[in-house]
Amino acid sequence: MKKYFSFLLMTSLLSAFAQQKNEAIFPGKIWKDQSGIPINAHGGGILYFHKTYYWFGEIKKGKTNRAPDISSWEDYRVNAGGVSCYSSKDLVNWKYEGVALAPNKTDSTSDLHTSRVIERPKVIYNAGTHRFVMWMHIDKYDYSYARAGVAVSDKPAGPYHYLKSVSPNGQMSRDMTLFKDDDGKAYLIYSSEDNKTMQVCLLSADYSSPTAAYNRILIGDNREAPAMFKCQHTYYLITSLCTGWDPNKALYASADSVMGAWTMHDNPCTGPDADSTYHAQSAFVIPVAGKNNDFIFMADKWNKTDLEHSGYIWLPLKVIGGKPVIRWKNSWTPE
Ligand code: GAL
């Protein structure tokens, strides 16, 4: 009898601690965290710190609504849920670290109020201040605010303390990303001028403000969803066309310096569905630690009428002869 009870105790303890174990990345399929709950981190980005990857993304939860007073484009939206954080050693299995930046549920004038837009959060580490700096797209429900928000934390997973939102040098800032160069300089890259032209702005030494140094790039090309990376001595920028939540063909540009001049090239995606970025939109490119030429292309497979159930397309990206090449895989594992 005693043996039977200790067996029962053991099995219930084991199942309580049983963790979801993912064997591979399955692009476009439901991706569960270690507790078996689907990962909720859209429009995300990755910070690599102390041999751990941290995935930050938009928390999209609850019913998707379409803004009733906007007919010129499909303003499908969910209440702003803040920013989530997950951590991983292998990029396949992710532990939920909690809400890194919480939304504000009471003050409708706050940038972080649930009625607003908090999108595309990205985090970098500042070696001078020892702080983690998060930038994100902050907007009103109709996207008329077009600003970049910044938050800081002493710990990679947060919680992050929101500082402010800015219009860098008086310019609009919507879809954005961050890029930290090898020399420690960091840049904000954002769709500006009503999404017609991108801009690159050098951040202050503490990464929490824009400087006066900025450049207009991809002028008049209507690009958004920027994802920047560097391979050897070349900088690459993958972007999408502006078609809201609907997928389109990605393009990449390259440059010898972050501030440009940038040259537009063609689609880095290859094979079936390459013309719709595999029905997804670029979010970030992860440099795989310790590999010079191996990257991961992170994209969002938006489900515009049910945004919470949008998926993730992560695929290997290799730079071959100076050209980034993304190939579809049903499942794969980063080496
Ligand atoms: C997309 C953009 C998304 C989101 C959406 C809203 O073009 O890349 O991040 O802002 O529009 O419709």
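Atoms within each ligand, like the ligands themselves, are counted from 1 in listed order. Sequential numbering from 1 along the given sequence is applied to the chain's residues. All of these numbers come straight from a predicted model, not from anything done at the bench.
- Relative ring orientation between F49 and Y125 is described as tilted, the plane-to-plane angle lying within the 30° to 60° band.
- The aromatic rings of W94 and W314 lie perpendicular to each other, with more than 60° between the two planes, well past the 30° mark.
- Using cut-offs of 30° and 60° on the angle between ring planes, the pair Y252 and H265 is parallel.
- Pairs of residues two or more places apart, or lying in two chains, never qualify as salt bridge (Lys or Arg N to Asp or Glu O under 4.0 Å) while including a residue from residues 196-207.
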Checklist entry - After noting the C-alpha distance and the side-chain angles of Y312 and H42, does the key distance pass the ring-ring contact (aromatic ring centres under 6.0 Å, His included) rule? => result CA-CA 8 Å; Y312 313 101; H42 308 276; 5.1 Å; yes
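- Within 4.0 Å of ligand 1, protein heavy atoms belong to W73, E119, R120, Y143, D175, E224, G244, W245, Q281, listed by chain and number.
- Minimum interatomic distance between I59 and V83 (heavy atoms only, all atoms of both residues): CD1-C, 3.7 Å.
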